[in-house]
Structure formats: C-alpha cells, structure tokens
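These notes are about the structure you will find just below.
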Amino acid sequence: MKNVKARAIVALNEPFQSITIDRREVGPKDVLIEIKYAGICHSDIHHARGEWQDETFPLVPGHEIVGIVAEVGSDVTKFKVGDRAGVGCMVNSCGECEKCLAGEEQYCLNGNVLTYADIDKYGNGERTQGGYSTHIVVTEGFVVSIPEGIELAEAAPLLCAGITTYSPLRHWGAGPGKNVAIVGLGGLGHMGVKLAHAMGAEVTVLSQTLSKKEDGLRLGADHYYATSDPKTFKDLAKSFDLIINTVSAQLNLDAYLSLLKVDGTMVNVGAPGDPLSLNVFSLIMFRRAFAGSTIGGIRETQEMLDFCAEHHFGADIELINADYIDKAYERVVASDVRYRFVIDSATI
Ligand code: NAP
Ligand code: ZN
C-alpha cells in the first residue's frame, strides 16, 4: 500500500479537505502515475453534491488525470518510467464481453469500473478514488499516452470533456457538409466546438447569452446564437444534422429538437440528475432521433488525443491551486468557467 495525499469531500455539503488515501501496490500489469494535473468536470460536482446517487464518503473526485509514469509492473509493455500518461473516467472493465472485445469498454455489458465512486470488482474489490490526488495506480489497459505537442495541463480535460464530445461527433458523422450545433459553451461544449471544427463541420454554438461569442468564434465556431432570444429558435428551425447537448441542467428539449433537419439527431451528453422529457411529435414529424452517449473506449480516447495533437490543440484552461476547488465548483455551476478548471497537483 502507498499512502498518498488527496482532496476529498468527507460529508455531503462540506468543503474539500486534505486527506490521505491508500493506493494499491503496483501489480504486474499496473502503472503508477505521479499525477501532475487533474481537470474539474461538472460530473465531479454532480457526485460531490449527491445529485446523481447516494455517495460514500470520503469521496475523491477527478477523472481527467495526466501525469508521469513513476513505476511499472513486470508485465507492462505499453509504458516505461518517465512517460506522459493519462487516465479518464474508467479504470477497469470485464474485458470479455462483446463491447469490451470491440474496444468499447464504456459500454461493458457487465459494467465497467469508474475512476472514482465505484468498486473495482475486477481488481482488488476496493472503492475507487479519483484524480484530485498526487498518485494513482491503474492497470495499463486503461492508461493512455499523452502525445508530445499537447501541453500536459491542457491535455487533462481531453480525458473526459474531449472524448465525450469526440465520440458522438465521430459516431454521427460530423465532417464536411454537416451542420453541427453545440449546446452550452462550458468544458464539454468548448471541446465540442474545437473538435467539430477540426473535423470539418459547420459549427454553431447555442449558448444562453452572447457573452462568450468572441471566444466561441475563436474556438472554431462559424455561428453563435443566444438561446435566451426566442428569435434564435425561429431563425434556426430545421437547420442541423446533429446537435450535441452538453447542458448540465434542465432544458426544453422540444425547442432544441425543432432545430433538427429531417433525419437529424440530437445527442444528450449533459447529465442532469432529474429526468428530461419531450413531446414525441418533436421526433415523429421529421423522423428525428434523440440519443445519448457516454465518454469513449480506450482505443478511441487514444485516437482523440492523437487527433488533437495533429491539430495542435488541447483544452482552454484556468490552472488553479487545490485550495480553490470549492470556489471553482461555484464558478462552474454559475457557467463562469473559461473553459475548464485544472488543478495543479503539486498544491494538493
Ligand atoms: P460545464 O462546464 O458546467 O458546462 C455546461 C454548460 O451548460 C454551461 O457552461 C452553460 O453554457 C450551459 N448551462 C448550464 N446551466 C444551464 C441552464 N440552466 N440552461 C441552459 N444552459 C445551461 O459542464 P461540463 O463539465 O461541460 O459538463 C456538462 C454536463 O455533461 C454535466 O451534466 C456532466 O455531468 C455531463 N457529462 C457527461 C458525460 C458523459 O459521458 N455523457 C461526460 C462528462 C460530463 P452557456 O453558458 O454557454 O449557456
Ligand atoms: Zn467528466
């Protein structure tokens, strides 16, 4: 066992505290990563505030993890000490089901193991704890390489915000000739804009206001509209092949579905705790689809990182010290994030 420093919620509605947690000994297939940076995802906030489920405390969030390999097990082949490595939302899966064999571990039919707030049922059976910490031990199959050409701190958000938008953009064929809208310009949304633009799609941001318009256009959007203006929904009726909804809160789905062309698809990646509802006529009249998507497999995550390196971008980040996490959470909830908070792990 290795005792390491971490920042944790120790009870609901309590601020973050410094604690120490145990990381397992490095097994034959394990990689020990000295964490350098960890992104703050809105999912961390849903967990920390008990918006999704009853949580077990202490809870160490963090599933956008990058760092340097500090030790490898005897059977590890992909990594050596000193390599730049990343870990996203999953740390294990059954490895045997149809989905795992297809490289889509995010849809493991027997249930994958999340990086935190989960039990490693395929490993030592212990509760997983996330990346707001100085070190993590992960089986090499769930560790990806961070290519040279992306700043390490700017790579952290790619491990969740990047792959969560890349995967549906690829799956639903974003590219030249496709009109893609990104709803919400936060952590996921700003990556969605960069990625869809790099894939060659025509990109529109649908944000609550025009306050981030300049940023949106700089990030690669071709058009930018405020959803607080009812005219937006008239002007853009039946415009999009694909809408990616990254909003973390309730939304009038019917209004957004009316923006899809015939056969268009709206994909919800935003994950508010309360159910969303829609009128089926929003779908049946124009053969539209409403879909969901979660992160991406390990192979696709590596592909996304390589794609970002090739196109010379990471995330736009605000680097913070660990004692700023509570304040950062407040700012994310207030949509005051430009565009991902990343914790400097040296301050933990
Ligand atoms: P974020 O940085 O807070 O971005 C969400 C954006 O949604 C905000 O910046 C804001 O954009 C917009 N928004 C917020 N409240 C709104 C409201 N009441 N009405 C309309 N728009 C609103 O969050 P994130 O980290 O990108 O995560 C977004 C959601 O995706 C969360 O629910 C998270 O749990 C989920 N998520 C899902 C997956 C998955 O695998 N499917 C992975 C990661 C995260 P504007 O200011 O531009 O309007
Ligand atoms: Zn996330």
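Both counts, for ligands and for their atoms, begin at 1 and track the order of listing. The residues of the chain are indexed from 1 along the displayed sequence.
Remark: K261 engages D241 in a salt bridge, criterion side-chain N to carboxylate O under 4.0 Å. Salt-bridge annotation for K78 and D83: absent, with no side-chain N of the basic residue lying under 4.0 Å from a carboxylate O of the acidic one.
For atom 30 (O) of ligand 1, the closest non-hydrogen atom on the protein side is G270 CA, 3.4 Å. The nearest heavy-atom contact from the protein to atom 33 (C) of ligand 1 is S43 OG, 3.4 Å. Looking from atom 9 (O) of ligand 1 to the surrounding protein, the closest heavy atom is G186 CA, 3.3 Å. Distance from atom 23 (O) of ligand 1 to its nearest protein heavy atom, with residue and atom name: H42 CB, 3.1 Å. The closest protein non-hydrogen atom to atom 17 (C) of ligand 1 is Q208 OE1, 3.6 Å. Closest to atom 42 (C) of ligand 1 among all protein heavy atoms lies T164 OG1, 3.3 Å. Here the heavy atom of the protein found nearest to atom 8 (C) of ligand 1 is S335 OG, 3.6 Å. Among protein heavy atoms, atom 40 (O) of ligand 1 sits closest to T294 OG1, 2.7 Å.
For S239 and N179, the side-chain atoms include no donor-acceptor pair closer than 3.5 Å. Side-chain contact, D254 with N279: no donor N or O sits under 3.5 Å from an acceptor N or O.
Panel detail: the Zn ion (ligand 2) has protein N, O or S atoms under 2.8 Å away, 3 in number.
Put simply, no part of A161 is less than 4.0 Å from ligand 1, judged by heavy atoms. Taking a 4.0 Å cut-off on heavy atoms, W52 registers as neighbouring ligand 1. Ligand 1 has no atom lying under 4.0 Å from any heavy atom of Q106. For the pair S293 and ligand 1, a heavy-atom separation below 4.0 Å is found.
Close approach to S207 involves these atoms of ligand 1, each under 4.0 Å from a residue heavy atom: 45 (P), 46 (O), 47 (O), 48 (O). Close contacts between ligand 1 and T246 involve ligand atoms 5 (C), 28 (C), 29 (C), 30 (O) [criterion: under 4.0 Å to a heavy atom]. Here is the list of ligand 1 atoms found below 4.0 Å of a heavy atom in L251: 20 (C). Per-residue contacts place R340 under 4.0 angstrom from the following atoms of ligand 1 (heavy atoms of the residue considered): 24 (P), 25 (O). Heavy-atom proximity to V332, at under 4.0 Å, picks out these atoms of ligand 1: 3 (O). Short contacts between ligand 1 and C160, defined as distances under 4.0 Å to a heavy atom of the residue, involve ligand atoms 42 (C), 43 (C).
Classification of the F313-F307 ring pair by plane angle, with boundaries at 30° and 60°, yields perpendicular.
Without hydrogens or angle criteria, S228 side chain to Q208 main chain gives a donor-acceptor distance under 3.5 Å. In this structure, the side chain of R288 engages the main chain of L257 through a donor-acceptor pair within 3.5 Å. A donor-acceptor pair is defined here as one N or O able to donate and one able to accept, closer than 3.5 Å; such a pair exists between the side chain of H190 and the backbone of G187. The closest donor-acceptor contact from the side chain of K194 to the backbone of G314 lies under 3.5 Å. Side-chain atoms of T164 come within 3.5 Å of backbone atoms of C160 as a donor-acceptor pair (strictly under, hydrogens ignored). Remark: the backbone N or O of V342 is not paired with any side-chain donor or acceptor of E64 at under 3.5 angstrom. For the pair Q302 (side chain) and S145 (backbone), a donor-acceptor distance under 3.5 Å is present.
Inclusion of V337 in the set of residues having an N or O under 3.5 Å from an N or O of ligand 1 is not warranted. When only interatomic distances are considered, the shortest N/O to N/O separation between Q250 and ligand 1 does not fall below 3.5 Å. Considering backbone and side-chain N/O of Y339, none are found under 3.5 Å from N/O of ligand 1. Between C41 and ligand 1, not a single N/O pair is under 3.5 Å apart. Inclusion of I295 in the set of residues having an N or O under 3.5 Å from an N or O of ligand 1 is warranted. Remark: ligand 1 and L185 share an N or O pair separated by less than 3.5 Å (distance only, no angle test). Checking only distances, L188 does come within under 3.5 Å of ligand 1, N or O to N or O. Not a single N or O atom of Y224, backbone or side chain, sits closer than 3.5 Å to an N or O atom of ligand 1. Between V269 and ligand 1, a contact under 3.5 Å exists for at least one N or O pair.
Results of the salt bridge (Lys or Arg N to Asp or Glu O under 4.0 Å) test with R84 over E148, E151, E34 single out E148 as the only residue that passes. Of the residues listed (R218, K212, K213), the one engaging D215 in a salt bridge (Lys or Arg N to Asp or Glu O under 4.0 Å) is R218, and it is the only one.
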**Request:** Output, in order, the C-alpha distance, side-chain angles, deciding distance and verdict of salt bridge (Lys or Arg N to Asp or Glu O under 4.0 Å) for E104 and K99.
**Result:** CA-CA 5 Å; E104 293 191 312; K99 288 287 125 192; 3.0 Å; yes
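For R299, the CZ atom is loosely surrounded, since the number of other residues' heavy atoms within 6.0 Å does not exceed 12. The environment of K5 atom NZ is sparse: at most 12 non-hydrogen atoms of other residues, nucleotides or ligands sit within 6.0 angstrom.
Ring centers of Y116 and Y132: at least 6.0 Å apart, outside the cut-off.
Contacts between S248 and ligand 1, counted as non-hydrogen atom pairs separated by less than 4.0 Å, involve both the backbone and the side chain.
Between Q250 and L276 the shortest side-chain heavy-atom distance falls below 4.5 Å.
For the residue pair I150 and E154, the shortest heavy atom distance occurs at CG2-C, 4.3 Å.
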